[in-house]
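A short worksheet on the structure shown next.
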Amino acid sequence: MELDEKKYLYLLFILPFIVLVFLANLYWKRKKKREFGDLEMVKKLSPESSVFKPVLKLVVFVVALLALIIALVNPKIGTKMETVKREGIDIVFAMDVSKSMLAEDVAPNRLDKSKQIVSQIINQLGSDRIGIVAYAGSAFPVLPITSDYSVAKMFLQSMNTEMVSSQGTSLDDAIRLAITYFDEKSKTSKLLVLISDGEDHSDDAQAAAEEANKAGLKIITISIGTEKGATIPLKSNGVVEGFQKDNNNEVVITKMNRASLEAIAKATKGGYVNGNNTKEVLEYIKATLDKIQKTEFEATEMADFQSQFQWFLGFAFLLLFADVFLLERKTNWVKKLDLFNENK
């Protein structure tokens with residue numbers, strides 16, 4: 001099962017608010033009755049007033065709203081897995097998760113900006129397969145090649161600077177790990193999108209890029225940050241408690257290194273683009289993808305997803321219709337049963 005419009009789940013917060021308003025109103029009415037006179041006397045003056053009916057109306061109304069919200073979310077149920085033929089290329093995103101990516105010379109910071117860019121690139125893809133690599137002082141496989149974009153976005157958003165223990169920016173490890181993602185025998189076009197501030201702490205990135213070129217892998221590099229640079233804030237619960245310092249206890253200024261990223265892209269006849277302007281990046285990636293030859297491949301996916309919103313919508317309208325005819329006075333046949341001891 002999948003939820004088509006998860007954003008509407010936030011509407012669930014309305015339900016407890018409605019219950020609180022109901023309880024507050026109930027308290028206010030009881031307070032006013034006390035001011036009017038003895039509660040038992042007031043009850044005798046309005047014998048048709050039911051204690052249970054208002055609660056029942058609230059339950060019906062809340063359940064109806066819950067059904068409406070679920071209808072807006074539109075749950076879908078898939079009936080089977082099937083293999084389908086798609087046409088596209090294989091793309092691996094290599095994400096820099098070193099501490100320098102916490103610098104805020106681009107908003108909100110370099111890492112979050114990188115996530116935004118990759119997420120929007122994924123949004124404009126068609127039938128391509130994608131994978132994700134994280135790297136700092138070493139590289140770490142996050143997600144193997146897949147055609148499930150929703151899963152890819154979930155893994156993307158969970159990436160942080162703590163997922164790779166060794167610090168630094170080892171571009172060569174990221175490139176070499178990305179090469180292993182691709183099938184050497186496959187004729188599918190291969191693309192590595194490498195996102196970094198370019199502060200490489202290894203000397204082997206150029207050699208790794210040449211290895212990628214021999215493997216038929218094209219690399220597009222995207223720089224994040226400014227050449228002027230910025231400090232690296234150290235935060236706790238969103239509050240800045242200090243700034244990253246080096247071994248000499250000096251505050252670190254991390255600067256974007258455009259030259260290293262351009263050299264890597266050039267070695268694979270790829271391209272470089274400045275990532276500070278998201279629109280330019282998306283246009284550049286789209287133009288590049290349009291030029292790359294697409295290959296047909298097979299992908300396994302859940303098929304025959306059917307929307308289920310109509311059942312919840314119908315149930316909600318049925319309850320709302322019933323709510324109209326639920327009066328707050330006692331019902332005669334229920335009154336005779338006296339299930340809630342209301343006649344005493």
Side-chain angles (χ1 to χ4, degrees), residues 5-7 86-97 100-135 142-143 145-160 171 174-175 178 181-182 188-198 209 212 217-227 256-295 299:
E5 297 289 345
K6 293 181 182 178
K7 61 185 178 183
R86 309 179 79 174
E87 192 176 71
I89 68 172
D90 288 342
I91 306 171
V92 170
F93 294 97
M95 300 277 294
D96 187 345
V97 293
S100 63
M101 294 298 285
L102 295 176
E104 298 176 348
D105 47 356
V106 292
N109 61 43
R110 295 178 184 178
L111 181 57
D112 286 338
K113 180 70 171 180
S114 300
K115 290 181 182 181
Q116 292 171 9
I117 289 172
V118 173
S119 181
Q120 292 192 44
I121 290 174
I122 293 173
N123 287 341
Q124 68 179 18
L125 296 179
S127 301
D128 307 295
R129 294 182 298 196
I130 57 178
I132 301 176
V133 168
Y135 66 96
V142 176
L143 181 70
I145 293 289
T146 180
S147 56
D148 193 331
Y149 293 170
S150 59
V151 170
K153 285 185 177 181
M154 181 181 69
F155 276 91
L156 174 67
Q157 294 307 318
S158 67
M159 295 177 72
N160 58 72
L171 296 174
I175 295 170
Y181 269 52
F182 302 102
T188 305
S189 297
K190 308 173 185 68
L191 178 66
L192 170 61
V193 178
L194 190 147
I195 304 172
S196 175
D197 52 24
L217 177 60
K218 188 185 291 291
I219 301 178
I220 291 178
T221 55
I222 301 174
S223 65
I224 300 292
T226 62
E227 294 178 351
M256 184 268 284
N257 186 348
R258 173 174 178 162
S260 63
L261 296 174
E262 286 181 329
I264 290 171
K266 187 177 180 180
T268 62
K269 299 180 178 62
Y272 160 83
V273 60
N274 189 311
N276 295 346
N277 188 319
T278 305
K279 184 180 178 182
E280 287 183 10
V281 175
L282 295 177
E283 289 175 352
Y284 181 83
I285 295 292
K286 185 178 185 305
T288 302
L289 293 177
D290 289 342
K291 296 174 184 178
I292 298 177
Q293 183 179 354
K294 308 295 188 294
T295 308

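For this chain, numbers begin at 1 and follow the sequence in order. Bear in mind the structure is a predicted one, so any value in this text is a computation, not a measurement.
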> Does any pair with a residue in residues 276-287 pass salt bridge (charged side-chain N to carboxylate O under 4.0 Å, His left out), and if so which ones, sequence neighbours excluded?
Replying inline: K286-D290
> Which residue pairs pass the salt bridge (charged side-chain N to carboxylate O under 4.0 Å, His left out) test when at least one of the two sits in residues 112-127, sequence neighbours left out?
Replying inline: none
Measure across [X] and [Y] and return the closest heavy-atom pair with its distance rounded to 0.1 Å.
{"X": "G88", "Y": "D128", "result": "CA-OD1, 3.3 Å"}
{"X": "V97", "Y": "A134", "result": "CG2-CB, 4.1 Å"}
{"X": "G271", "Y": "A265", "result": "O-CB, 3.3 Å"}
{"X": "K218", "Y": "G270", "result": "CG-CA, 3.6 Å"}

Keeping the roles fixed (side chain from [X], backbone from [Y]), state whether a donor-acceptor pair exists under 3.5 Å.
{"X": "T268", "Y": "A209", "answer": "no"}
{"X": "N160", "Y": "S158", "answer": "yes"}
{"X": "T221", "Y": "L261", "answer": "yes"}
{"X": "Y272", "Y": "K266", "answer": "no"}
{"X": "D96", "Y": "I195", "answer": "no"}
{"X": "Q124", "Y": "L282", "answer": "yes"}

Let me confirm one number: the [atom1]-[atom2] distance from [X] to [Y], rounded to the nearest 0.5 Å.
{"X": "D105", "Y": "T226", "atom1": "CG", "atom2": "OG1", "result": "3.5 Å"}
{"X": "I224", "Y": "Q116", "atom1": "CD1", "atom2": "CD", "result": "9.5 Å"}
{"X": "S119", "Y": "Q157", "atom1": "OG", "atom2": "CD", "result": "6.0 Å"}
{"X": "S223", "Y": "L194", "atom1": "OG", "atom2": "CG", "result": "11.0 Å"}
{"X": "F182", "Y": "T188", "atom1": "CZ", "atom2": "OG1", "result": "10.0 Å"}
{"X": "L143", "Y": "M154", "atom1": "CG", "atom2": "CE", "result": "8.5 Å"}

> Can you tell me if D148 and T146 form a side-chain donor-acceptor pair at under 3.5 Å?
Replying inline: no
> Is there a donor in the side chain of D197 and an acceptor in the side chain of S100, or the other way round, less than 3.5 Å apart?
Replying inline: yes
>> Walk me through whether Y181 and V133 qualify under side chain to side chain contact (heavy atoms under 4.5 Å, CB included).
In response: CA-CA 9 Å; Y181 269 52; V133 168; 3.7 Å; yes
>> Please determine whether side chain to side chain contact (heavy atoms under 4.5 Å, CB included) holds for the pair T288 and I285, giving the CA-CA distance in whole Å, both sets of side-chain angles, and the decisive distance to 0.1 Å.
In response: CA-CA 5 Å; T288 302; I285 295 292; 5.6 Å; no
> Can you list the steps and then say if I122 with F93 is a side chain to side chain contact (heavy atoms under 4.5 Å, CB included)?
Replying inline: CA-CA 10 Å; I122 293 173; F93 294 97; 4.2 Å; yes
>> Could you tell me if the side chain of M256 sits less than 4.5 Å from the side chain of S196, heavy atoms only?
In response: no
>> I want to check something: taking the side chain as every heavy atom from C-beta on, are L289 and L125 in contact at a cut-off of under 4.5 Å?
In response: yes
>> M95 and side-chain contact (heavy atoms from CB on, under 4.5 Å): which single residue from V142, I117, L156 fits?
In response: L156
>> Consider side-chain contact (heavy atoms from CB on, under 4.5 Å). Of L191, I145, I175, I132, which one does V92 pass it with?
In response: I145
>> The test is side chain to side chain contact (heavy atoms under 4.5 Å, CB included); show your working for I89 and I91 and say whether it passes.
In response: CA-CA 6 Å; I89 68 172; I91 306 171; 3.7 Å; yes
>> K7: which residues meet the salt bridge (charged side-chain N to carboxylate O under 4.0 Å, His left out) condition with it, sequence neighbours left out?
In response: E5
>> Between K190 and D90, does any side-chain N to carboxylate O distance fall below 4.0 Å?
In response: no
>> Assess the residue pair E262 and R258 against the criterion (salt bridge (charged side-chain N to carboxylate O under 4.0 Å, His left out)); give the C-alpha distance rounded to whole Å, side-chain angles, the decisive distance to 0.1 Å, and a yes or no.
In response: CA-CA 6 Å; E262 286 181 329; R258 173 174 178 162; 2.8 Å; yes
